[in-house]
Each structure stands twice: as structure tokens, then as C-alpha cells.
Student: 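Dropping the structure in here first, questions after.
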Amino acid sequence: MPELPEVETVRRTVSAALLGCRAEGVGVATVKMRLPLDGERWRRLVPGRRLEALDRRGKYLLARFEDTGAVVHLGMSGRLLVAAPGQPVLPHTHLVVHFEGGRELWFVDPRRFGFAVVMPVEGLKAFPPLPELGPDPLTGDVEGALAAAACRQRAPVRSILLDQRVLAGIGNIYACEALFRAGIRPQRSVAELGARRRARLAVAVREVLQDALAAGGTTLADGGFSASDGQAGYFAVQLAVYGREGAPCRRCSRPVRRQALGGRSAYYCPSCQR
DNA sequence: ACTCGCCTGTCG
DNA sequence: CGACAGGCGAGT
């Protein structure tokens, strides 16, 4: 589910609701996650501390509870929801942080590809793979990152965009959408693009992420994503190719094609994208 | 540079 | 029932 615009939307809504609030207790339903959800550590390191900061690196959320740090990744189906006291928890709620005043922060993740880990705050920056992540496409040098990748990479450009060490935060939806906006086929290699089309792609990446963020992210038909206040994102209506196999291209009306690339579906318009 | 596995859920 | 799903990392 969550790529940069969705994670940033979550960061903003959780921050608005809980920044400065003191955690009073933690509830953990122990299940096997991608990384173990260690209830004992959460109960030892978080209660009694105020949530002082909630930052984002790519798709990772970094929380600071005074001298305690936490890293949350939402995987494919993870959500962070702010709930009123006593609200019945959703299925697959693995972690509940109780804040002063009664509000709760839920970590819900049906598929359990996400994780939520705590550590002393000094350990946050070094937590793998955070040090390896590339620049943030909203604030960093997208053009430079793509140019650097062009020197050494012969992989399809879609794979380059998904590589979090090149740029941090792009997933399959926005990789496909950025390539459509740039008029580039997903299977092209960055090396063969040339500086001009590379620059066009850099612009497209930034624009599609900004547009999606402005819309509050993409909530697909299954409703699997929402901001932490439950608000759906409405970028889905603007998707040009993602999930639209066989549907008419919004620009030229010819059918959108889907092709497996590196094990994941690439959606593109064979006529608008070369 | 691809394939698979990790999980649950939904859709055809 | 199989195919597929916003991610990622360990294997080839």
C-alpha cells in the first residue's frame, strides 16, 4: 500500500494528533511480523515518554519518544490509526500505544510485512537500511540520483525507481505513473535514456509525488489505505496507468498494457511511452 | 537481474 | 480455485 505520499500523509496526521503527548502504556498482540514485535521492549522503553518528533525517511517513519526511538514500516498493508479511547480495535491490530487523555495509536497490519521496533534513540539513524537510502525525491536531487544510476545500472528504469538506495520512497504505483508522465517505457534502461529524457523523468517523479501528496495519497478500491484519522486519499481518480490494464489510455485512448517486470506488474501505454 | 517467500484478503 | 496485491530481502 503505502509509498511516499501515503507515509507522509500518515506522518502528518499522526503528528497533528499526538505530537507532544505522553505515552502512558502499550498493548501488544504478539504475532510474527517481518521483524519481531517485541512487547517487552515497547513496554519498557515507551511509557512515560512524550512523542517529541515523527519524521520520515523514504517509506520509514521514525518516532522519537524522548530518549527512545522507534522505526515503523507499513509494508504492504500496514496502517497507523489514531483512535478515541475505548474504540473496539480492528482485526490485525498488533500494537496499541495509549496516550495521556485516552487517545490511542494503533499499528494495524493484516499481511504483517511491516514492522515496529524500538531502541535507544541513538540507534535510530544507524538502523538498517536507513543509512543506505537514497535522497528523498521531494527534497533531494532526483536528477543527480538518476544520473548516478545511469552510469552503473543497466536494469530497467522501473527497477531503478523502485530501488530505495537510488531514491527513497517510490513504489510500484508512482514508478508506473512517473514513467507515464515522462513518456518512458518501464523496460527501458536508464543508461540508454539520455540526459534530456532523464531530466524529464526527474520532473515527472517529483510532480507525481507532489500531486499524490496533495490528494492525501492513493486509496485503492479495497480501502486498504487511509490517513490516521480514517480519511481516504483521492489520488486514485488521477491514476493514468496503474491498475488500468485494458482500459483506455487517458491521453490516446489505446488500451493500457500490463507486463510482469522483475516479478511485479508494470503498467504502461505502449503508444504514449517509448 | 530475476524468483521466491513472507502473510492475509479480495476478486474473477 | 488461482491470480494478484502498495514491500523487501534472501537466495540464485
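Per chain, numbering begins at 1; letters A, B, ... match sequence-line order.
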Student: Between A:Ser265 and A:Arg258, do the side chains contain an N or O donor and an N or O acceptor separated by less than 3.5 Å?
Tutor: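 Their side chains do contain a donor-acceptor pair, which is all the 3.5 Å distance test asks for.
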Student: In whole Å, I'd like the distance from the CZ atom of A:Arg79 to the P atom of B:dG9.
Tutor: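 Rounded to whole Å, this separation is 13 Å.
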Student: If I pick the P atom on B:dC7 and the same atom on C:dG11, what distance separates them, to the nearest angstrom?
Tutor: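 It comes out at 16 Å once rounded to the nearest Å.
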Student: On DNA chain B, compare the nucleotides closest to A:Lys32 and A:Ala221; which residue's is nearer the 5' end?
Tutor: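 It is A:Lys32 whose nearest nucleotide is closer to the 5' end.
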Student: Looking at the side chain of A:Tyr267, which of C:dG7, B:dC7, C:dA5 is the nearest nucleotide?
Tutor: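 Closest nucleotide among those given: C:dA5.
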Student: Rounded to the nearest Å, what distance is computed from the CG atom of residue A:Leu133 to the C1' atom of nucleotide C:dG7?
Tutor: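 Taking atom C1' of C:dG7 as the reference, CG of A:Leu133 is at 13 Å.
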Student: Run through A:Glu6, A:Arg79, A:Gln231 and flag the one making a side-chain hydrogen bond (donor to acceptor under 3.5 Å, both in side chains) with A:Ser226.
Tutor: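 Among the candidates, only A:Arg79 passes.
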Student: Which range-with-range stems can be found for DNA chain C when each stem has 3 or more Watson-Crick or G-U pairs in a row and both distances sit under 3.5 Å?
Tutor: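 Stem list for DNA chain C: B:1-6 with C:7-12, B:8-12 with C:1-5.
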Student: If only side-chain N and O atoms of A:Lys59 are considered, is one of them under 4.0 Å from the OP1 or OP2 phosphate oxygen of C:dG7?
Tutor: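 For C:dG7, OP1 or OP2 has a side-chain N or O of A:Lys59 closer than 4.0 Å.
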Student: With a non-hydrogen cut-off below 4.0 angstrom, is A:Asp222 in contact with a base, only sugar-phosphate, or nothing?
Tutor: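 Base contact.
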Student: With P as the reference atom in both, quote the distance from B:dC4 to C:dG2 in angstrom, rounded to an integer.
Tutor: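 Approximately 16 Å lies between the P atom of B:dC4 and that of C:dG2.
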Student: In this structure, how many angstroms lie between the P atom of C:dC4 and the CD atom of A:Gln259, rounded?
Tutor: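 The distance from CD of A:Gln259 to P of C:dC4 comes to 13 Å, rounded to the nearest Å.
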Student: Evaluate A:Cys21 against A:Leu51 for side chain to side chain contact (heavy atoms under 4.5 Å, CB included), listing each step before the verdict.
Tutor: CA-CA 6 Å; A:Cys21 296; A:Leu51 179 61; 5.7 Å; no
Student: Inspect the surroundings of CZ in A:Arg257 and state if more than 12 heavy atoms from other residues, nucleotides or ligands are less than 6.0 Å away.
Tutor: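 Result for CZ/A:Arg257: open.
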Student: Going by atom types only, do A:Gln87 and A:Glu104 share a side-chain donor-acceptor pair under 3.5 Å?
Tutor: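 Result is no, nothing qualifies.
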Student: Under 4.0 Å between any heavy atoms, over every strand shown, what does A:Gly262 touch: base, sugar-phosphate, or nothing? Just pick one.
Tutor: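 A:Gly262: base contact, heavy atoms under 4.0 Å.
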Student: Give the C-alpha distance, both sets of side-chain angles, the deciding distance and a yes or no for salt bridge (Lys or Arg N to Asp or Glu O under 4.0 Å) between A:Glu132 and A:Arg165.
Tutor: CA-CA 6 Å; A:Glu132 327 298 329; A:Arg165 295 166 303 186; over 6 Å; no
Student: If you check every side-chain atom of A:Tyr60, which of C:dC8, C:dG7, B:dT8 has the closest atom?
Tutor: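 Of the candidates, C:dC8 comes closest.
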Student: So, OP1 or OP2 of C:dA5: does either fall under 4.0 Å of a side-chain N or O from A:Ser265?
Tutor: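 Checking C:dA5 against A:Ser265, a side-chain N or O does come within under 4.0 Å of OP1 or OP2.
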Student: Between B:dG5 atom C1' and A:Arg34 atom CZ, what is the distance in whole Å?
Tutor: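 Atom CZ in A:Arg34 sits about 12 Å away from atom C1' in B:dG5.
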Student: Between A:Arg185 (side chain) and A:Tyr268 (backbone), is there a donor-acceptor pair under 3.5 Å?
Tutor: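 No; zero donor-acceptor contacts below 3.5 Å.
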Student: Between atom CG in A:Leu162 and atom P in C:dG9, what is the gap in whole Å?
Tutor: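 Result: 13 Å.
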Student: Would you classify A:Arg165 as touching base, sugar-phosphate or nothing, given that sugar-phosphate means primed atoms plus P, OP1 and OP2, and contacts are heavy atoms under 4.0 Å?
Tutor: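 The residue A:Arg165 makes no contact with any strand.
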Student: For B:dC7, is there a stacking contact with A:Phe113, counting only centres under 5.5 Å and planes under 30°?
Tutor: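 No, the aromatic ring of A:Phe113 does not stack with the base.
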Student: Taking the nucleotide of DNA chain B with the nearest heavy atom to each, does A:Arg112 or A:Leu261 sit closer to the 5' end?
Tutor: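 That would be A:Leu261.
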Student: Which whole-number value in Å describes the distance from A:Gln164 CD to C:dG7 P?
Tutor: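 Rounding to the nearest Å, CD of A:Gln164 and P of C:dG7 are 8 Å apart.
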Student: Where the side chain of A:Arg264 is concerned, which of B:dA1, C:dG7, C:dA5 is the nearest nucleotide?
Tutor: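 Nearest nucleotide to the side chain: C:dG7.
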Student: For B:dC7, does the base pair up with any side-chain atom of A:Arg111 as donor and acceptor (N or O, under 3.5 Å, distance only)?
Tutor: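 In this structure, the two groups form a donor-acceptor pair.
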Student: Is any side-chain nitrogen or oxygen of A:Tyr242 closer than 4.0 Å to OP1 or OP2 of C:dC4?
Tutor: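 No.
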Student: Please state how far atom NE2 in A:His94 lies from atom P in B:dC7, giving the value in whole angstrom units.
Tutor: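 These atoms are roughly 11 Å apart.
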Student: Would you say A:His73 places a side-chain N or O within less than 4.0 Å of OP1 or OP2 belonging to C:dG7?
Tutor: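 Checking A:His73 against C:dG7: no side-chain N or O falls below 4.0 Å of OP1 or OP2.
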Student: Ignoring hydrogens and angles, state whether a donor on the side chain of A:Ser77 or A:Asp109 is under 3.5 Å from an acceptor on the partner side chain.
Tutor: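 Indeed, the side chains of A:Ser77 and A:Asp109 share at least one donor-acceptor pair under 3.5 Å.
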Student: Determine whether a donor-acceptor pair (N or O, by modelled atom type, separation under 3.5 Å) exists between the side chain of A:Arg50 and the backbone of A:Glu66.
Tutor: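 Side chain of A:Arg50 to backbone of A:Glu66, a donor-acceptor pair under 3.5 Å: no, none is there.
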Student: Do the side-chain N or O atoms of A:His92 get closer than 4.0 angstrom to the phosphate oxygens (OP1, OP2) of B:dG9?
Tutor: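 Affirmative; the distance criterion is met.
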Student: Given atom CG of A:Asp109 and atom C1' of B:dG9, what is their separation to the nearest angstrom?
Tutor: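 About 12 Å, once rounded to whole Å.
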